[in-house]
Amino acid sequence: MTVWNVVGLMGGLAMFIFGMNMMSDGLKLVAGSYLKKILEKLTQNRIVAMFVGAGLTALIQSSNAMCVMVVGFVNAGMMQLERSVGILMGAKIGTTITGQLIAFNISEIAPVIAFVGVAVTMFAKKPKVKTVGQIIASLGVLFIGLGTMSSAMKPLASEEWFQSILHQFSNPILCVLIGILFTVIIQSASASVGVLQMLALSGVMAFPDAFPQAFYIMLGMNIGASVAPALASIGGRKDAKRVALIVILFESIGMILFMIVTQIFPQIFDLILSTAPGNPTRQIANANTIFNLVTVIILLPCAKYLVKMAEWMVRGNDEKEVASLHYIDESGYQSGTVLIGQIDQEVGRMHSIVRTNLEASTKIYFDKMPISDEEFEDNEAAVDFLNKEIVAALIRTSEEGVTEKEAMHTGNLYHIVTDLERIGDHAENVLGYAKQMKENKQTFSEKAIRDLKELSQAVYKIYDLSCEHFREPSEELYRVIYDLEADIDEMVEKMRARNVKRLGKMKCEATQGLYFSEILVDLERVADHALNIAQGAQKYDIEEDDE
């Protein structure tokens, strides 16, 4: 074993992990927002959810990515905790496809695959075709890395010091710990199992004698994969933490069961070896598939008990400050699709907070203010905080890789949070005038209050409709909003004229008239921003009817 063998091993591992990550990113990009739609609609039944999780994980080639996405969806309130269990279990079956793919050992033609992928990427014009080229190229790089690792490992088979270390791995618990540690380091169960397959292929681990040790190391690698969703749940809602805990419980219970059964019935090893005689890489791949499949069959009927156990271990409900992120967390930064879903939820919360302040700032003139001054100030601070944090998260989406449709949506979200923040500022202005009038012991006339109430109701309506249109755009609703904004402009002009008349007839003081005029300006601008929000969802060309 020379230095160059070590260099080759490191380089091969680097290419393998790089190729796997690139392939996973490319597949996620091709799948795009379909992942979110499928997970939302096809997960009500546990068994269906399990098949969905297995299929999607096989598609994106990463159980870690799928588990982290589920953590993100649960944290965003887009998926219930109970519905996530089937997907999580299915993901563990789907990830075994990578090992089965590696067992084909097509390293000899891998350079050709990589060349074809690069050629497609270089000459294709459509983004989706380029992404397909990236997937093909990354598959080639993955197998080139495997071939390099296998060649670099072969001298270890004749190194006595290394073989003596392997002989020390007779303790199953030690093997499991090694598997956990290795997977925690490289953050991928599929990559870990792939390295284990290369150790067997190169003859470093003498099969069939070393198969039990390889099997227990593989069990540890599966548990190590649960670290990623656990890390992603940090700082998230309690349900997100429970999702990560369910993954750990699933893998740990499965590991304990298999350790006990194989110790009592060692013939199980011979049975697994017989599934692919003389092919150690396939034997490890089959062992991984059998472990996850059997664990799912045993634990899927007990899914509700896993949920109860997780709820017992992570107790209580979420209590967060208004000026904090309730949905965006670390899990979102693992997937652009998840992050956009979390941002949507935060924008919805920002909309509710602004709506509360808008109503409070106007009702103080003609009704009882529904919230206290302190709550209003907390809400305003929360709006400013969310504006800053959501914009920062939107910038991050471009780094995670999103589809063209998702990129357009993030651009629209940037505009809506800006408009919401400005509406919040106008609400603050309107409340400020009320406080100044109270200090000066001034009030509006009955006619002015009646006008203000009428205008406020119209502003509430256009605000609500614009946010509804942003969630579900429709040309018919947009036209209603467009016409309502024009009506509000006309309403404001008439109210200004009446205010001027009152001033001329000395029915109100100049300062009262000034305050009233400023309120009209602020509410008119709220309506303008509401129209901007509607336009941010989808722009329609509104043509005036021919007279």
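Residue numbers count from 1 along this sequence. Quick caveat: nothing in here was measured; it's all calculated off a predicted structure.
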Visitor: Which residue pairs pass the salt bridge (charged side-chain N to carboxylate O under 4.0 Å, His left out) test with at least one member in residues 248-273, sequence neighbours excluded?
Guide: Lys92-Glu251

Visitor: Can Leu339 and Gln342 be said to form a side-chain contact (heavy atoms from CB on, under 4.5 Å), step by step?
Guide: CA-CA 5 Å; Leu339 183 56; Gln342 293 181 343; 4.2 Å; yes

Visitor: Could you check whether Asn288 and Thr96, counting side-chain N and O atoms only, form a donor-acceptor pair closer than 3.5 Å?
Guide: no

Visitor: Identify the heavy atoms of Ala214 and Leu196 that sit nearest to each other, and give their distance.
Guide: O-CD2, 3.4 Å

Visitor: I need the Ile353 CD1 to Glu346 CD distance, nearest 0.5 Å.
Guide: 8.5 Å

Visitor: Quick one: closest heavy-atom pair of Thr275 and Pro277, and the distance?
Guide: C-CD, 3.9 Å

Visitor: Phe211 versus Ile272: any side-chain heavy-atom pair under 4.5 Å?
Guide: yes

Visitor: How far apart are the C-alpha atoms of Glu375 and Thr356, what are their side-chain angles, what is the distance that settles it, and do they pass the side-chain contact (heavy atoms from CB on, under 4.5 Å) test?
Guide: CA-CA 10 Å; Glu375 289 176 300; Thr356 299; over 6 Å; no

Visitor: Using a cut-off of 6.0 Å, state whether more than 12 heavy atoms not belonging to Glu374 lie near its atom CD.
Guide: no

Visitor: What's the shortest heavy-atom distance between Ile180 and Gly220, and which atoms?
Guide: CG1-O, 3.2 Å

Visitor: Distance check, rounded to the nearest 0.5 Å: Leu177 atom CG versus Leu219 atom CG?
Guide: 12.0 Å

Visitor: Nearest 0.5 angstrom please: Glu421 CD to Glu380 CD, how far?
Guide: 7.0 Å

Visitor: Asn286 versus Arg282: any side-chain heavy-atom pair under 4.5 Å?
Guide: yes

Visitor: Apply the test side-chain contact (heavy atoms from CB on, under 4.5 Å) to residues Asn292 and Asn222: give CA-CA distance (whole Å), side-chain angles for both, the deciding distance (0.1 Å), then the verdict.
Guide: CA-CA 9 Å; Asn292 283 285; Asn222 277 274; 3.2 Å; yes

Visitor: Applying the side chain to side chain contact (heavy atoms under 4.5 Å, CB included) test to Met89, which of Ile297, Val296, Thr295 qualifies?
Guide: Val296

Visitor: Which atoms form the tightest heavy-atom contact between Ser192 and Thr183, and what is the distance?
Guide: OG-OG1, 3.0 Å

Visitor: With a 4.5 Å cut-off on side-chain heavy atoms, are Ile284 and Val193 touching?
Guide: yes

Visitor: Taking only residues two or more places apart in sequence or in another chain, which ones pass ring pair (Phe, Tyr, Trp, His ring centres under 6.0 Å) with Phe470?
Guide: none

Visitor: Measuring only between side-chain heavy atoms, which start at C-beta, is Ile390 closer than 4.5 Å to Leu413?
Guide: no

Visitor: What's the spacing between Ile298 CD1 and Leu293 CG if we round to 0.5 Å?
Guide: 10.0 Å

Visitor: What closest approach, in Å, do Met259 and Gln263 show between heavy atoms, and which atom pair accounts for it?
Guide: O-CG, 3.0 Å

Visitor: Are the side chain of Arg242 and the backbone of Val307 linked by a donor-acceptor contact shorter than 3.5 Å?
Guide: no

Visitor: Would you say the side chain of Val383 lies within less than 4.5 Å of the side chain of Asn357, judging by non-hydrogen atoms?
Guide: no

Visitor: Do the non-hydrogen side-chain atoms of Leu420 and Tyr463 ever get within less than 4.5 Å of each other?
Guide: yes

Visitor: Once rounded to the nearest 0.5 Å, what's the spacing between atom CD of Glu311 and atom CG of Leu245?
Guide: 10.5 Å

Visitor: Would you say the side-chain atoms of Asn279 and Thr281 include a donor-acceptor pair closer than 3.5 Å?
Guide: yes

Visitor: Out of curiosity, Cys302 SG to Lys308 NZ, how far, rounded to the nearest 0.5 Å?
Guide: 11.5 Å

Visitor: Stepwise, does the side-chain contact (heavy atoms from CB on, under 4.5 Å) test hold for Ile248 with Ile223?
Guide: CA-CA 7 Å; Ile248 296 172; Ile223 296 176; 5.7 Å; no

Visitor: Find out whether Phe258 and Val294 are in side-chain contact, i.e. whether some heavy atom of one side chain is under 4.5 Å from a heavy atom of the other.
Guide: yes

Visitor: Any side-chain heavy atom of Gln197 sitting closer than 4.5 Å to one from Pro280?
Guide: no

Visitor: Can you name the closest pair of heavy atoms from Ala360 and Phe376 and give their distance?
Guide: CB-CD1, 4.2 Å

Visitor: Evaluate whether atom CZ of Phe269 has more than 12 neighbouring non-hydrogen atoms of other residues, nucleotides or ligands under 6.0 angstrom away.
Guide: yes

Visitor: Just wondering, are more than 12 heavy atoms of other shown residues or ligands nearer than 6.0 Å to CZ in Phe182?
Guide: yes

Visitor: Counting only N and O atoms by type, is there a donor-acceptor contact under 3.5 Å from the side chain of Ser252 to the main-chain atoms of Leu249?
Guide: no

Visitor: Is it true that Gln100 and Thr289 share a donor-acceptor pair across their side chains at a distance under 3.5 Å?
Guide: yes

